[in-house]
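Take a look at the structure set out below.
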Number of protein chains: 2
Amino acid sequence: MNSLEQQSWQSVHDEVLRRIHTREWKPGDLIPKEVELAEQLGCARATVNRALRELASEGFLDRRRKAGTRVAAHPVRRAKLDIPVIRLEIEGRGQKYAYALLFSERRTPPPEICANLGVTAESDMLHITSLHLADGKPFMFEDRWVSIAATPTILDADLEKISANEWLVLHAPYTRGDIYFSAVNASEAEAKVLRTEPGTSLFLMERTTWENQTGITSARLLFVPGYRKHSAI
Amino acid sequence: MNSLEQQSWQSVHDEVLRRIHTREWKPGDLIPKEVELAEQLGCARATVNRALRELASEGFLDRRRKAGTRVAAHPVRRAKLDIPVIRLEIEGRGQKYAYALLFSERRTPPPEICANLGVTAESDMLHITSLHLADGKPFMFEDRWVSIAATPTILDADLEKISANEWLVLHAPYTRGDIYFSAVNASEAEAKVLRTEPGTSLFLMERTTWENQTGITSARLLFVPGYRKHSAI
DNA sequence: AGAAATAATATGTACGTACATATTATCTTT
DNA sequence: AAAGATAATATGTACGTACATATTATTTCT
């Protein structure tokens, strides 16, 4: 890279990353300011800015006004995790998706759900449990509470045909939420549904989603033994 | 929002997200082109471009040249997962971090490590197991293989003082890596190290990192029972 | 009609300028 | 010397223009 050829923000991005990788710029180091880099690399400051901004969002740089830009001292790698609808995840593996509604009841929520969603114990809610299958075998067990106040139209949905998971993604898309990943031992009931032994280690995903300040749904997704969630850095 | 006030890319971002939330624009819908939106919202196209670009990277929009911009039809939510150095994760919880090297040996790798890293069975490698503690209690058990060919200076590192985890982050930059999350039952040995019962469900993180085409390190990180990894959408 | 060449078009990016803003450094005051 | 006010500065963002590029739509040719 020299100062004569035409530069793109990606080439600036790559060049800066190269200097970090080769330890020319080490963790904690202050790197040249945008105007200097722009001159060095033969491009406009806006181009350098775009490149450095991306690198900062990827966790490689720390940037502060007036103080300048430093190579991140404690590289926090930011993994991107795709959370697709469960049907697409199964079909993406080349397996056949099927779904069974196990249980659906309109009732008031237990204390832990109230705490999760920030609703009162008298809230009108829908409690749904269902099983998602891949190639006919149990893949994931879903235990979900949905606030009827937040999404009243779910009462019209035919949850025998479309899973609550998928219905919610289509009808209350793009909400904010928390996800927790953990590992639990299968209870008697859970083992039976997933056709495994009690005590088997299961991957658990707990999701709570919000629309603005109101809780919409809280779900407990238990995956079949051996399930692995992949992510790339 | 009207066309008179001064717009920022964030306000455009939020306004577009609002229209998606209110289902004014539904999944699959084609939204107005950048110039039109810019006129509607009273700002420059560059500003709209920035906002829509962010929304696309968050998974809300699909953009294609000439074809235009659509609301994502199959909302794949993209969760961002921060993977800090384990010391920072523990200190971030307000707990005191400690570390113990259990075992360190220079030897050739077993078949599964060869497969993971793409190295031969005769490779010169370092096998390290260690325990990370939070407030004096076992928190995570690390079983790691490091390629000496890829990072020869690790032989100079004092792995009694600094964990391989932390040393590698500071001295062995990598270009890409894989992470797998899963749940396993504790073996006898693992249970003993983590001071729990055999069979207990443990959260497992398997990491492999690469510098271009050469594998650097492969690690198996086993967390204490009850551990939860958080992510937000 | 079907294939190939061509035009049209929405997004992608680069640049220069201008100003905003957060933060640090310096100077003043007490 | 400590505190407070003020200046300096690097990044953050907005704008308008220009051109690049990928993809679709249209036309031309066989």
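Letters A, B, ... are given to chains in the order of the sequence lines, protein chains preceding strands, and every chain is numbered from 1. Just so it is clear, the model here is predicted, and its values are computed rather than measured.
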Nucleotide-resolved protein contact map, nucleotides 3-9 of chain D, B/S/- at heavy-atom distance under 4.0 Å: -----BB

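- Partners of B:Arg65 under the salt bridge (charged side-chain N to carboxylate O under 4.0 Å, His left out) rule, at least two apart in sequence or in another chain, do not exist in this structure.
- Listed by residue number, A:Arg63, A:Arg64 are the residues of residues 56-64 of chain A with a heavy-atom contact under 4.0 Å to DNA chain D.
- Under the rule for a salt bridge (charged side-chain N to carboxylate O under 4.0 Å, His left out), the partners of B:Arg87 that lie at least two apart in sequence or sit in another chain are B:Glu91, B:Glu166.
- Between A:Glu54 atom CD and D:dT13 atom P the separation is 12 Å, expressed in whole Å.
- Between A:Glu24 and A:Asp29 the shortest heavy-atom distance is O-OD2, 4.3 Å.
- We find that CZ of A:Arg50 is positioned 17 Å from P of C:dG16, with the value rounded to whole Å.
- No hydrogens or angles considered: nothing links the side chains of B:Thr209 and B:Arg176 as a donor-acceptor pair under 3.5 Å.
- Residue A:Ser8 has a polar side-chain atom (N or O) positioned under 4.0 Å from OP1 or OP2 of C:dA14.
- The nearest whole Å value for the distance from the CD atom in B:Glu39 to the P atom in D:dA14 is 19 Å.
- Between the CG atom of A:Leu41 and the C1' atom of C:dC15 there is a distance of 15 Å, given to the nearest Å.
- Looking at heavy-atom distances under 4.0 Å, B:Arg45 makes contact with a base.
- Rounded to an integer number of Å, the gap from CZ of A:Arg70 to P of D:dA10 is 13 Å.
- With sequence neighbours left out, B:Glu54 forms a salt bridge (charged side-chain N to carboxylate O under 4.0 Å, His left out) with B:Arg50.
- Contact annotation: A:Thr69 does not reach the phosphate of D:dA10 (side-chain N/O to OP1 or OP2, under 4.0 Å).
- With C:dT13, D:dT13, C:dG16 as the candidates, the nucleotide lying closest to the side chain of B:Gln10 is D:dT13.
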Pair A:Arg144-A:Thr217, side chain to side chain donor-acceptor pair (under 3.5 Å): steps then yes or no: CA-CA 7 Å; A:Arg144 182 182 290 274; A:Thr217 179; 3.0 Å; yes

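- Residue order along DNA chain C, read from the 5' end via each residue's closest nucleotide, puts B:Pro32 first among B:Pro32 and B:Ala46.
- Side-chain atoms of B:Glu58 and B:His13 form a donor-acceptor pair, as typed in the model, at a separation below 3.5 Å.
- Between B:Asn49 and C:dG12, a side-chain N or O to OP1/OP2 separation shorter than 4.0 Å is present.
- With sequence neighbours excluded, no residue satisfies salt bridge (charged side-chain N to carboxylate O under 4.0 Å, His left out) with B:Arg207.
- Nucleotides of DNA chain D nearest to B:Ala44 and B:Ala67 differ in position, and the one nearer the 5' end is that of B:Ala44.
- Proximity of B:Thr47 to the phosphate of D:dC15: a side-chain N or O atom is located under 4.0 Å from OP1 or OP2.
- What separates CD of A:Glu34 from C1' of D:dT13 is a distance of 11 Å, to the nearest Å.
- Residue B:Gln213 qualifies as open at atom CD: its count of foreign heavy atoms under 6.0 Å is 12 or below.
- Distance B:Trp9 CH2 to D:dG16 P: 19 Å, rounded to the nearest Å.
- The minimum heavy-atom distance linking B:Leu131 with B:Leu133 is given by the pair O-CD1, 3.9 Å.
- Regarding B:His13, its NE2 atom lies at a distance of 17 Å from the P atom of D:dG12, rounded to whole Å.
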